[in-house]
Novice: 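My questions all concern the structure below.
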Amino acid sequence: MIADWPILSLTVWLPIVGGFMVLASGDREANATKWTALTIAILTFIVSLPLWFAFDSATADMQFVERVPWVPGFDIEYYMGVDGISMPLIILTTFITPLVVIAGWEVIQYRPSQYMAAFLIMEGVMVGVFSALDAMLFYVFWEAMLIPMFLIIGVWGGPNRVYATIKFFLYTFFGSVFMLVALIYMYFQSGSFDILGFHTLKLGLTEQILIFIAFLLAFAVKVPMWPVHTWLPDAHVEAPTGGSVILAAIMLKIGGYGFLRFSLPITPDASHTLDWLIIGMSLIAVVYIGFVALIQQDMKKLIAYSSIAHMGFVTLGFFIVFIISQNSDDISGAVLGIEGGMVQMVSHGFISAAMFLCVGVLYDRLHSREIKDYGGVVNTMPVFAAFMVFFAMANAGLPGTSGFVGEFMVILASFQADFWYAFLAATTLIIGAAYTLWMVKRVVFGDVTSDGVASLEDMNRREFIVLGTLAAAVLLLGLWPAPLVEVMDASVNNLLQHIAVSKL
Amino acid sequence: MQFDATQLIPVLPEISLLTLACLVLLVDLFIREEQRIASYVITQVGLLVTVAVTLAVAGSETQILFDGSYIRDPMSDLLKVGVLLVTFITFLYAKDYLIQRDLFKGEFYTLGLFAVLGMTVMISANSFLTIYLGLELLALCLYALVAFNRDSPQGAEAGMKYFVLGALASGMLLYGISMIYGTTGTIQFDELAQVVSKGDMNQIVMIFGIVFLVIGLAFKLGAVPFHMWVPDVYHGAPTAVVAFLASAPKIAAFALAMRLLVDGLAELNGGWQGWQGMLIILAVLSMGVGNLIAIAQTNIKRMLAYSTISHVGFIMLGILAGTKEGYTAAMFYTLVYALMSAGAFGIIIALSRKGFEAENLDDMKGLNQRNPWFAGMMLLLMFSMAGVPPTVGFFAKLFVLDAVISVDLTWLALVGVAFSIIGAFYYIRVVKLIYFDQPEDETPLSIGVDTQVMLSINGLSMLVLGLFPAGLLSLCAAAIGS
């Protein structure tokens with residue numbers, strides 16, 4: 001029986017061990033090193049596939065569970081398992097990483113072995129975050145993510161990389177240490193670090209609010225939510241293309257995942273009491289950050305801000321559920337909100353990855369991210385232009401692409417909560433279209449503006465494979481989101497039933 | 001009390017060390033300059049033999065000997081092994097450094113071994129007199145070692161400063177001891193604990209005694225506001241000496257705190273009137289001042305000195321929790337810290353060479369290009385000091401925070417983590433210099449094979465212990481007896 005194998009452990013440790021192997025092999029045989037890295041990344045993806053195919057979507061219980069003591073003195077366990085919420089995100093991680101490895105193939109000349117190793121180790125650690133069911137195991141993976149990312153931005157990043165990476169590190173470190181204190185506090189209340197045990201732990205409202213704030217600091221920084229989002233544009237702009245892709249496609253999702261796994265089920269009453277705060281922050285992200293994106297001159301910065309706006313949808317979808325369940329006894333609206341947020345996370349994983357890779361394609365040729373340095377790219381790079389326009393449309397939420405599904409579900413849910421929430425959220429369809437399409441217009445269309453653009457060569461096979469794969473994923477999820485929604489349905493319903501019961 | 005030769009068995013580690021120190025002293029007199037390596041080899045082999053002896057006499061029972069002035073218990077066994085191994089590591093790092101600077105003298109090993117003897121005596125002390133004896137033996141050797149490079153004015157200044165302040169601290173400690181003796185009538189820790197539990201003493205004199213005791217202790221540990229000597233000594237002393245000074249004696253200082261405060265005065269820890277309150281103040285100040293001032297340093301030895309101060313604050317958090325879990329956590333932290341500190345100074349030593357002292361942060365620049373492997377080791381050490389998982393430094397901090405929160409001092413845990421965010425900055429700045437900057441000095445590193453192996457073990461231990469912290473933790477828990 002395939003479900004009895006330690007698939008989660010394999011998915012975590014295969015890339016980490018492989019990463020260290022790549023690291024040890026050094027740069028003398030750069031090509032062999034890259035092929036090894038790619039093989040490991042693809043192998044990890046294949047290993048992770050049973051999680052999807054052998055997944056039982058009828059139950060909300062944890063599946064593929066592995067549980068052994070780790071630090072018995074402090075009741076810390078090596079306890080992993082997935083449900084419908086974490087499993088799609090793990091597949092997303094293992095799907096994106098090979099693409100990142102391919103995307104860095106020729107571009108990275110400085111110490112490619114360290115570069116590839118960092119991404120592989122990163123992959124394993126991120127899968128670990130999604131699959132950990134022990135709070136300390138979760139925290140170890142959560143913090144361990146910082147080290148490879150810190151190096152990726154700092155070593156292979158742009159001119160202002162040191163500032164960006166230290167800001168990134170300190171922001172996220174700041175956010176997470178308070179979560180650590182909250183986790184230890186709950187350990188003494190419940191007697192173990194079992195996250196599912198935390199879910200059923202009775203807590204008073206004051207305790208819940210303090211714990212909720214500690215979690216909020218950690219997750220809001222990671223998502224990032226306005227007003228703690230300022231590290232993201234810096235980090236994105238300075239990071240190498242692969243780093244931006246991983247940041248946008250997966251690391252941001254970890255914040256959203258944290259809300260679903262920790263904040264909502266552990267502190268439902270505090271979440272209810274403070275939902276106005278999160279909804280407000282989300283709407284500001286959607287509207288205000290959308291406008292901020294509009295005026296950006298730098299393509300990567302624009303996409304970074306658009307990521308913040310899109311993640312605003314995710315948190316909005318998660319936290320309107322309290323208002324919806326107040327308005328009606330039917331939880332289907334609330335289910336729509338959370339599932340919409342989840343679909344939005346996965347879809348944004350594909351689209352933002354693709355957008356950053358598109359910018360990467362241009363940057364590798366002209367070494368500029370400024371919009372004004374481009375213009376008329378379609379004349380010299382028609383194939384690339386087709387992809388870029390497609391992904392831009394997806395980013396703007398065109399029906400038929402995955403970008404539409406999530407946003408539509410969240411807006412639909414918001415209508416059941418409050419008309420004005422839905423109204424403000426829906427403005428993104430206009431603002432989002434404005435900033436994305438305006439950028440595309442300036443970069444892709446028009447006459448050829450400079451010699452640089454005139455000398456551009458169209459995408460090579462490697463770039464085509466990467467973007468083509470992502471385009472297929474975006475279309476597939478846009479046209480047929482049902483499998484994804486079905487997978488998470490039982491878990492989301494279970495979560496909603498859980499948080500509907502007050503812990504007080 | 002009848003003397004019986006079997007009583008000497010638990011003291012075998014000390015006997016072995018003393019024999020070793022005398023042997024090195026004698027042998028060194030009769031060998032030629034180019035054979036000096038023999039002193040080193042004898043010392044290192046002797047240290048390992050002493051480890052074996054310590055393990056051989058170890059056991060789970062507690063033995064009190066020599067009219068109650070000496071104790072051998074699981075805690076002393078573990079701490080002694082820790083001291084001996086860390087000393088072994090730092091002596092190994094020191095060898096090439098000393099040879100290159102014409103400091104390769106037998107006295108280094110003699111003084112070092114007597115210092116180790118002092119530490120083991122402290123660790124096994126069961127009365128104020130024994131502990132003072134061990135402390136002074138350790139301190140006198142360290143004063144001399146700090147000024148070991150006698151042609152260096154900085155070294156002499158550091159040695160002098162250390163001596164004057166250290167003597168002052170010893171005086172304070174002695175004064176506190178005399179007060180406590182005056183009001184309780186005993187210098188033996190187990191008897192002291194009985195007197196205290198009966199309440200058969202003058203409260204005011206007792207409190208004053210504890211205050212002086214804690215001041216003396218804080219001096220030795222280097223806790224704020226008694227930390228002034230630490231940066232100057234670290235800066236002035238030869239790096240090889242600092243590597244030793246910054247690691248093994250910390251374990252002994254932890255033992256000092258445990259013996260003085262926990263063995264004898266455990267019942268007086270409660271609240272602000274007991275030593276818990278005093279340690280809270282010292283711990284918060286140490287973490288704050290240590291971490292903040294470390295940011296401003298450009299000299300890496302001074303930076304690590306302030307980092308020591310902040311780590312001492314964290315160790316105190318564990319002790320002041322006043323529970324077995326707390327002592328276990330503090331012990332775990334101390335042992336891990338000694339390893340981290342030895343490793344960090346080991347890297348600094350490896351970066352130095354004849355005629356060039358790696359002292360400034362800028363000397364770390366571009367290490368990844370000069371030598372990726374040791375850059376990786378330093379990365380692990382720095383992230384471990386910052387307390388970032390999956391390195392062991394995280395678990396050290398976690399266990400201490402755990403202990404502090406378990407006694408409802410959550411605010412103190414919050415203060416601790418807040419300062420560790422500040423602390424993270426200067427550790428990752430080192431990583432930044434290593435990985436993100438271009439080297440100013442392209443000279444390839446010439447590191448001896450033995451040092452290479454040891455540095456690798458030391459660096460990788462951060463990761464291995466971080467992935468499998470349970471073993472060391474259960475050793476510490478067994479040593480504390482929880």
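To find a chain, count down the sequence lines: A is the first, B the second, and so on, and within it residues start at 1.
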Novice: Sort out for me which of B/G471, B/G376, B/P372, B/A413 touches chain A most, counting heavy-atom pairs under 4.5 Å.
Specialist: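 Looking at each of B/G471, B/G376, B/P372, B/A413 in turn, B/P372 comes out on top.
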
Novice: When only pairs under 4.5 Å are counted, which of A/V140, A/V125, A/I76, A/L146 shares the most heavy-atom pairs with chain B?
Specialist: A/V140

Novice: Quiz question: by atom type and distance under 3.5 Å, do the side chains of B/S420 and B/K397 form a donor-acceptor pair?
Specialist: no

Novice: Measure across B/A470 and A/V71 and return the closest heavy-atom pair with its distance rounded to 0.1 Å.
Specialist: CB-CA, 4.0 Å

Novice: Looking at every heavy atom in both A/W156 and A/R111, which two are closest together, and how far apart are they?
Specialist: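 Looking at all heavy atoms of both residues, the shortest contact is CZ2-O, 3.5 Å.
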
Novice: Which heavy atom of A/L8 sits nearest a heavy atom of A/I90, and at what distance?
Specialist: CD2-CD1, 3.9 Å

Novice: What part of A/F141 gets within 4.5 angstrom of chain B, counting heavy atoms only: side chain, backbone, both, or neither?
Specialist: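 When you check distances to chain B, no heavy atom of A/F141 falls under 4.5 Å.
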
Novice: Quick check on side-chain contact (heavy atoms from CB on, under 4.5 Å): which of A/L217, A/V221, A/V223, A/L216 does A/V228 satisfy it with?
Specialist: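 For A/V228, the side-chain contact (heavy atoms from CB on, under 4.5 Å) check succeeds only for A/V221.
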
Novice: Would you say the ring centroid of A/F198 lies under 6.0 angstrom from that of A/Y187?
Specialist: no

Novice: Chain A heavy atoms under 4.5 Å from B/F399: which part of the residue, side chain, backbone, both or neither?
Specialist: both

Novice: Enumerate by number any residue of residues 11-21 of chain A whose heavy atoms lie under 4.5 Å from heavy atoms of chain B; in the absence of such residues, state 'none'.
Specialist: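 Within residues 11-21 of chain A, near chain B: A/W13, A/F20.
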
Novice: Sort B/F425 into side chain, backbone, both or neither according to what part of it lies under 4.5 angstrom from a heavy atom of chain A.
Specialist: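 Both parts, backbone and side chain.
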
Novice: State yes or no: are the ring centers of A/F130 and A/Y257 separated by less than 6.0 Å?
Specialist: yes

Novice: Measure B/L379 against the heavy atoms of chain A and call it side chain, backbone, both or neither at under 4.5 Å.
Specialist: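 It is the side chain, since no backbone atom gets that close.
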
Novice: Search all heavy atoms of A/V22 against all heavy atoms of A/A117 and return the closest pair with its distance.
Specialist: CG1-N, 4.1 Å

Novice: So, do B/Y337 and B/Y333 have ring centers that fall under 6.0 Å from each other?
Specialist: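 When the ring centroids of B/Y337 and B/Y333 are compared, they turn out to be at least 6.0 Å apart.
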
Novice: Assess the side chains of B/S384 and B/Y427: does a donor N or O sit below 3.5 Å from an acceptor N or O?
Specialist: no

Novice: A/Y78 versus chain B, heavy atoms under 4.5 Å apart: side chain, backbone, both or neither?
Specialist: neither

Novice: Measuring only between side-chain heavy atoms, which start at C-beta, is A/E123 closer than 4.5 Å to A/F119?
Specialist: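 SC-SC contact between A/E123 and A/F119 ruled out.
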
Novice: Where on A/L23 is there a heavy atom nearer than 4.5 Å to chain B: the side chain, the backbone, both, or neither?
Specialist: neither

Novice: Quick check on the structure: residues of residues 385-392 of chain B within a heavy-atom distance below 4.5 Å of chain A, by number.
Specialist: B/A386, B/V388, B/P389, B/P390

Novice: Would you name the heavy atoms of A/A270 and A/F212 that are closest together and state the gap between them?
Specialist: CB-CB, 3.8 Å

Novice: In chain order, what residues pass the salt bridge (Lys or Arg N to Asp or Glu O under 4.0 Å) check against A/K167, with sequence neighbours excluded?
Specialist: A/D234

Novice: Could you tell me which of B/T410, B/V404, B/L398 has the largest number of non-hydrogen atom pairs under 4.5 Å with chain A?
Specialist: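 Result: the option with the highest number of such pairs is B/L398.
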
Novice: Show me, pair by pair, the donor-acceptor contacts under 3.5 angstrom made by side chains of residues 462-469 of chain B, not counting sequence neighbours?
Specialist:
none

Novice: What option among A/W142, A/F169, A/Y185 has the most heavy-atom pairs under 4.5 Å with chain B?
Specialist: A/F169

Novice: Test A/W231 against every option in A/F168, A/Y163, A/F173 by the ring pair (Phe, Tyr, Trp, His ring centres under 6.0 Å) rule and name the one that passes.
Specialist: A/F168

Novice: Where on A/F174 is there a heavy atom nearer than 4.5 Å to chain B: the side chain, the backbone, both, or neither?
Specialist: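 Both parts, backbone and side chain.
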
Novice: What I'd like to find out is whether the side chain of B/I428 reaches to under 4.5 Å of the side chain of A/I166, using heavy atoms alone.
Specialist: yes

Novice: For A/L180, is it the side chain, the backbone, both or neither that has a heavy atom under 4.5 Å from a heavy atom of chain B?
Specialist: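 Side chain only.
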
Novice: Does B/N368 reach the side chain of A/Q114, with side-chain heavy atoms less than 4.5 Å apart?
Specialist: yes

Novice: Heavy-atom distance under 4.5 Å to chain B: side chain of A/T165, backbone, both or neither?
Specialist: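 Looking at A/T165, just its side chain touches chain B.
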
Novice: Is it the backbone or the side chain of B/F436 that comes under 4.5 Å from a heavy atom of chain A, or both, or neither?
Specialist: both

Novice: Side chain, backbone, both or neither: which part of B/I405 has an atom under 4.5 Å from a heavy atom of chain A?
Specialist: both

Novice: Can you tell me which portion of A/M136 sits under 4.5 Å from chain B's heavy atoms? Options are side chain, backbone, both or neither.
Specialist: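 Interface part for A/M136: side chain.
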
Novice: Who among B/L473, B/V417, B/D402 has the most heavy-atom pairs with chain A under 4.5 Å?
Specialist: B/D402

Novice: Taking side chain as everything from C-beta outward and backbone as N, CA, C, O, which of these in B/S474 sits under 4.5 Å from a heavy atom of chain A? Side chain, backbone, both or neither.
Specialist: neither

Novice: What are the two closest heavy atoms between B/L335 and B/L78, and how far apart are they?
Specialist: CD1-CD2, 4.2 Å

